[in-house]
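In this chain, numbering begins with 1 at the start of the sequence shown.
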Amino acid sequence: NNLLISMARIFRDKLSEEELITRSGGDVFYLLMSWNGRDVMTKRLMRMFYLIEENFRFNHNKAMYRLAFKAGVYEIPDNAENPSLAADKARYINRRGDRYAESTVNYFTEEIKNLIDRENDIENRMEAALENGEFRIYFQPKYYLETEEIAGAEALVRWVSTPAGTVTPPCDFIPVFERNGFITKLDFHNFKNVCQMIKKWESMGRVPLPVSVNFSRNHLSNPDFVLTISEIADKYKVDRKMLEIEITESAVFDNEELLIDSLNALHDAGFRLSIDDFGTGYSSLNMLKNISVDVMKMDRGFFVNSTDESKSRLVISSVTKLAKDLGISTVAEGVETKELIDFLRELGCDIVQGYYYSKPMPENELMLLLKNSGS
C-alpha cells in the first residue's frame, strides 16, 4: 500500500497542471500526458520509474529488491477519440509487452492496430470454424536417419476456411488461441481426429503409424488432462504407445515443480512423452533428471547458424550421447539440406523431420506415401 501511495505521489509530482493521473485498481495507473515524441515520453516515464524505485528502497529498507515497470503508450490523434478506447489501446500494448527484469516502455502502432484487427477477426470466426471442420490435420513424416525409413509422423493443424479455401497460418492463430484459452478446445479436437484416423488405418489392415500430437502448456495445470486424453484414446481403442504427446520445453521452464507430476502422469498412463524445442530454454538438463521423457526434439536453431561450428558439433554430440545413455530418442526438426542430414547422421541423431524428406501433407497423401514406400 505504501508503495502504491508513493507511486501516485511521484507520478502526480512529475506531471504538469494540464496532465492527469488515475489508478484503475491493483498496480495499474493511467496517465494522460502531453505528447512531445517518443524520446521525450520514454525519458519522462523512465525517470518516474527510477524515482519510485529509489524512494521504495530508501524508505522501506528494501535494497535487495528490484522493481520493474511496464508502460503501454498510445498517442491520441489530433481529432481525439473515445477516452475509454484510447485507454484500452494503451492497456493492450502494455499487456502484450514482454516482462523483463528491467522497466520497459512499449508503444501502440499502426502495425499493432492491424494485428488487433486480425486477431479480432480470428476470434470472431474460431468457434464456427471448429464446428464446420475447418481445422484440418496435416502430417509431416519423420525418418530414421540410419535406414531412411518412415519412423512416424507429427500431426499439425491447418485452418482452411470454407468455402474460399483460404489458409490461415498457424503462426497467426495459435498465439491468439493460447491467450484466449481456445487452444485447449482445439487441442482436444485435434487429438480426437488423430485417434479416429489411427483407428481407421487399423480397420483398413494397415499397421498404425506412431503419431505425435502437440498440446499447449495450458493443459498441464488441468488435473483432468491425463484422464481426458486417456478416455479419448480408449474410446477409439488406440494403443497409447502409438500416441506421442509433445510438450514444449518452455512449458516446463515456466513452472517446473508444478508440471513434473503432470508430465510423469502422461508417461505412466502409457503415452510416449516428447519434449519439443529442446535446448531453446534454460531448464533442459535439470528437466531430464526429473521427468520420464521418451523423445527429445531439437529445434533447427539448435544446430544451425552457430558462430563456432566445432563447439556446435561438440554440444550436439554430447546431447545425443546423453540422450542415448538415458534411453531417450533424439529427433531433429526443420531439416532441409543434405549437408545437415550428413552432419546429424555423423553425430548420432536417431530421427529427422523436415522439408528435406517431406513437407506436411493431408491424410490421403500420407497414405499414398506409405503405400509407395512399402510401409
Open item on the list: Under the criterion side chain to side chain contact (heavy atoms under 4.5 Å, CB included), I'd like the reasoning laid out for Y144 against V352: C-alpha separation, chi angles, the key distance, then a yes or no.
Closed with: CA-CA 7 Å; Y144 290 114; V352 294; over 6 Å; no
Task: Option among V176, L186, N180 that satisfies the side-chain contact (heavy atoms from CB on, under 4.5 Å) test with M126 - done: N180
TODO: Please name the pair of heavy atoms, one in I93 and one in G72, separated by the smallest distance, quoted to 0.1 Å.
DONE: CG2-CA, 3.5 Å
Task: salt bridge (charged side-chain N to carboxylate O under 4.0 Å, His left out) involving K192 - partner list, sequence neighbours excluded - done: none
Open item on the list: What's the separation between atom CD1 in I112 and atom CG in D117, rounded to the nearest 0.5 Å?
Closed with: 11.5 Å
- [ ] Check R240 against A233 and note the closest heavy-atom contact, atom names and distance.
- [x] CG-CB, 4.4 Å
Open item on the list: With salt bridge (Lys or Arg N to Asp or Glu O under 4.0 Å) as the rule and sequence neighbours excluded, what pairs involving residues 155-168 come up?
Closed with: none
Task: CD (E178) with more than 12 external heavy atoms under 6.0 Å - done: yes
- [ ] Please find out if less than 6.0 Å separates the ring center of Y236 from that of W201.
- [x] no
Task: Salt-bridge criterion met for R136 and E363 (N-O under 4.0 Å) - done: no
- [ ] Check whether any side-chain heavy atom of K321 lies under 4.5 Å from a side-chain heavy atom of K324, and answer yes or no.
- [x] no
TODO: Please go through V167's hydrophobic cluster and name the other residues, only I, L, V, M, F, W, Y counting, with side-chain heavy atoms under 4.5 Å joining them.
DONE: V160
Task: From NE2 (H189) to OG1 (T184), nearest 0.5 Å - done: 13.0 Å
Open item on the list: Checking T337 now: which residues fulfil side-chain contact (heavy atoms from CB on, under 4.5 Å) with it, not counting sequence neighbours?
Closed with: E339, L340
Task: L369 side chain near I150 side chain, heavy-atom distance below 4.5 Å - done: yes
Task: Pair Y107 + Y74: ring centers closer than 6.0 Å - done: no
- [ ] State, with a plain yes or no, whether a side-chain heavy atom of L266 is found less than 4.5 Å away from one of L263.
- [x] yes
TODO: Using side-chain contact (heavy atoms from CB on, under 4.5 Å) as the criterion, point out the one residue from N106, L45, L31 that pairs with V73.
DONE: L45
Open item on the list: Run the side-chain contact (heavy atoms from CB on, under 4.5 Å) test against P169 and tell me which residues pass, sequence neighbours left out.
Closed with: C171, D172
Task: Contacts of D121 that satisfy side-chain hydrogen bond (donor to acceptor under 3.5 Å, both in side chains) - sequence neighbours left out - done: R125
Open item on the list: Any non-hydrogen side-chain atom of D294 less than 4.5 Å from a side-chain atom of S329?
Closed with: no
Task: Heavy-atom closest contact (M197 atom, I137 atom, distance) - done: CE-CB, 3.9 Å
- [ ] Could you pull out all residues at least two apart from W159 that satisfy ring-ring contact (aromatic ring centres under 6.0 Å, His included)?
- [x] F135, F173
- [ ] Nearest 0.5 Å please: distance from the CD atom of E110 over to the CZ atom of F108.
- [x] 8.0 Å
Open item on the list: For a quick test of reading the model, state the closest non-hydrogen atom pair linking G26 to L4 and the distance between them.
Closed with: O-CD2, 3.6 Å
Task: Over all atoms of both residues, closest heavy-atom pair of A323 and T330 - done: CB-CG2, 3.5 Å
TODO: Indicate yes or no: at least one non-hydrogen side-chain atom of C195 is less than 4.5 angstrom from one of L243.
DONE: yes
Task: Ion pair check, E119 and R179, cut-off under 4.0 Å - done: yes
TODO: Please identify each residue that fulfils salt bridge (charged side-chain N to carboxylate O under 4.0 Å, His left out) with D187, with sequence neighbours left out.
DONE: none
Task: Any residue meeting side-chain contact (heavy atoms from CB on, under 4.5 Å) with N222, in chain and number order, not counting sequence neighbours - done: D224, F225
Open item on the list: Per the salt bridge (Lys or Arg N to Asp or Glu O under 4.0 Å) rule, what does the pair list look like for residues 10-27, sequence neighbours excluded?
Closed with: E19-R44
TODO: With sequence neighbours excluded, tell me which residues meet salt bridge (charged side-chain N to carboxylate O under 4.0 Å, His left out) with E336.
DONE: none
Open item on the list: Applying side-chain contact (heavy atoms from CB on, under 4.5 Å), can you list everything that pairs with R91, at least two apart in sequence or on another chain?
Closed with: S24, V28, Y30, R95
Open item on the list: Strictly below 4.0 Å, N to O, side chains only: are K142 and E154 in salt-bridge contact?
Closed with: no
Open item on the list: Does R345, at its CZ atom, have more than 12 non-hydrogen atoms belonging to other residues, nucleotides or ligands within less than 6.0 Å?
Closed with: yes
- [ ] State, to 0.1 Å, how close E148 and Y143 come at their nearest heavy-atom pair, and which atoms those are.
- [x] O-CD2, 3.4 Å
- [ ] Decide side chain to side chain contact (heavy atoms under 4.5 Å, CB included) for Q353 and V335; before the verdict, give the C-alpha distance in whole Å, the side-chain angles of both, and the deciding distance to 0.1 Å.
- [x] CA-CA 6 Å; Q353 174 184 344; V335 179; over 6 Å; no
